[in-house]
Amino acid sequence: MTLRLFNTLTGEVDALAPVPGEPLRIYACGPTVYDYGHIGNFRTFLQIDVLRRFLELNGVPLRHVMNITDVDDRIIQNTVAAGVAIHEYTARFEQAFFEDLDALRIERPEIIARATEHIPRMVALIERLAAAGAAYRTEEGSWYFRLAAFPEYGKLSKKDLSGMEDGARVDLDRYEKDSARDFALWKAAKPGETSWDTAVGRGRPGWHIECSAMAMEYLGESFDLHAGGEDLMFPHHENEIAQSETATHKPFARHWMHVRFLLVDGRKMSKSEGNFFTLRDLLLKGYKASAIRLALVSVPYRHQLNFTFDSLTDATRAIERLRTFHQRLAAGSFAPGENAGLQAAARAAEAGYMAALADDLNTAEARAPVFELVRTANTAIDEGQLRCGDRDLILSVLGKFDAVFDVIGDHDEEPTRRAIEWARQSGRESDIAPELLARRSMTDEQVEMLLAERAQAKKQRNFARADQIRGELAEKGIVIEDSKEGVRWKRK
RNA sequence: GCGCCGGUGGCGAAGCGGCUAACGCGCAGGUCUGCAAAACCUGUACUCGCGGGUUCGAUUCCCGCCCGGCGCUCCA
């Protein structure tokens, strides 16, 4: 099944497929590791994960590169302020970033590329641009890209910059630039700042050159898809195109994917507004990683997502429904054979699911047939109509759902445990919700003991004691379900 | 100011020219249960921001207006 994906460059939904016999080459802009990632960051990475996983589900081999920006103005500022070496500073946040990716079950790209490990590549690209007359050096030793060298500038973001007068908004003298829109390729070293001694002088790379250089290093001068958050479209991606295509005279990325922003309570999340949440904040409030994943993934990537705590509660319940159903199927015993109606329903659900994802990754639409199948199958189980063959087929449909959504399999304990541990080690103990701690205060053994006592009480028809135990467990976040097959319990 | 996106039930959110307007959550009633939970059933939008237009027919296309958001600067 071929994925059809909106392409910012053409403004249309285009097929996305690799050159036959080759892996699909993807470059996705990664984090700048100067702080903990917030949920807006992860919405983007999560949506790219959906893309990855859907392609993999269709058997498309991938070569996916993600950069780590471990040198930039903010990082330099922060390291100077903190008085630590740049690597020491970034390593901590890079590690945190990967932990967060794991918590959200975001797959690792095939290649992770750190900016600081690719300086020679960037320098070579700057030299190439200089040789072509598209880059120039200022007196203080910085290098700029000459926008006039690339007439197609603006083709991605559909901006017409011809009307922009040089100097209208920026004081030219201050920047020593030929044109106000020219952007930095290389920034001359300032005293006390981290810098590299290179053929283009002592300094550090500009942000844009980093991505062009590393994309070309691992994917070649032309590749299939470039992805990132919508804010990167201009100027970052536009600048990448300008640099790369000026140097190579080849199309840089054929397809561009941009993930729209997440809002919080209808407002843009920003550090200055202080209305942003990191993944860790949410885990410490007691929300499960799976709920965060589902909430951030369920609104298709081309729409703004308005994040609220209610949406996390909704997602939690929806996941419970799926997990309960999965458990019911996996643990139940069913008569051999097949039920023709269920077989057809399962196949239709799978087809609908796959078609929705293939249509520009419509995750909202893709969920629907799966939930419909859950209801149909639950009814069939209630009526004793579901057979072994049906169970196997439906489990395989759930498997395909989870190959992309990855929320039915329960991996929630580890991220929460780690977040609590992290909070304790970094003096943020007060951020841990008391309910979360209460919920975790009972061991499996203790639960089992109380359940055994309750079973005994029920046998003796001592319902008062049985209900008292149920209440006690409920206070600790343990929910119990009496079924024909015995007692099931789970942690809220 | 210029540009872009959106306004669908209590909430989230699909659908985008004609099917009973998906799906999830919530709520109300019912079945089951010692009672719950889970599951299922029924009900929750005579209608898709407002006003015009095009069309045999519009939530879906066009125009205007109102409201919300975003971009034009570092930002996922």
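Numbers restart at 1 for each chain; the letters A, B, ... are given by sequence-line order, proteins then strands.
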Does OP1 or OP2 of [N] have a side-chain N or O of [X] closer than 4.0 Å?
| X | N | result |
| --- | --- | --- |
| A:R375 | B:C23 | yes |
| A:R321 | B:C40 | yes |
| A:R317 | B:G26 | yes |
| A:R181 | B:U73 | yes |

When only distance counts, do a donor and an acceptor, one from the side chain of A:R470 and one from the base of B:C35, lie under 3.5 Å apart?
yes

Quick check: any donor-acceptor pair below 3.5 Å linking the side-chain of A:D314 to the base of B:G12?
no

Please state how far atom [atom1] in [X] lies from atom [atom2] in [N], giving the value in whole angstrom units.
| X | N | atom1 | atom2 | answer |
| --- | --- | --- | --- | --- |
| A:H226 | B:A76 | NE2 | C1' | 12 Å |
| A:D482 | B:A36 | CG | P | 12 Å |
| A:M233 | B:G71 | CE | P | 11 Å |

Does some side-chain heavy atom of A:R491 sit less than 4.5 Å from a side-chain heavy atom of A:I478?
yes

Out of B:A39, B:A13, B:A38, minimum distance to the side chain of A:N378 belongs to B:A39

Quick note, A:Q304 side chain, CB onward, closest among B:G69, B:C72, B:A76 is B:G69

Looking only at atom [atom1], what distance separates [N] and [M], rounded to whole Å?
| N | M | atom1 | result |
| --- | --- | --- | --- |
| B:G69 | B:G53 | P | 32 Å |
| B:C25 | B:A39 | P | 8 Å |
| B:A37 | B:C70 | C1' | 44 Å |
| B:C41 | B:C61 | P | 34 Å |
| B:G18 | B:A58 | C1' | 9 Å |
| B:U59 | B:A13 | C1' | 15 Å |
| B:A38 | B:C4 | C1' | 46 Å |

Under 4.0 angstrom, heavy atoms only, what part of the nucleic acid is [X] near: base, sugar-phosphate, or nothing?
| X | answer |
| --- | --- |
| A:T379 | sugar-phosphate |
| A:S311 | nothing |
| A:L263 | sugar-phosphate |
| A:H236 | nothing |
| A:I381 | nothing |

Quiz item: Is any NZ, NE, NH1 or NH2 atom of the basic residue among A:R204 and A:D73 found under 4.0 Å from an Asp or Glu carboxylate oxygen of the other?
Solution: yes

I'd like to know if A:R280 and A:E99 make a salt bridge, using a cut-off of under 4.0 Å between side-chain N and carboxylate O. yes

inquiry  = Before you tell me yes or no, could you show the steps for A:R454 and A:D482 under salt bridge (charged side-chain N to carboxylate O under 4.0 Å, His left out), namely the whole-Å CA-CA distance, both residues' side-chain angles and the distance that decides it to 0.1 Å?
reply    = CA-CA 11 Å; A:R454 177 170 172 271; A:D482 296 325; 2.8 Å; yes

Only one of A:W143, A:F145, A:Y144 passes ring pair (Phe, Tyr, Trp, His ring centres under 6.0 Å) with A:F183, and that residue is A:F145

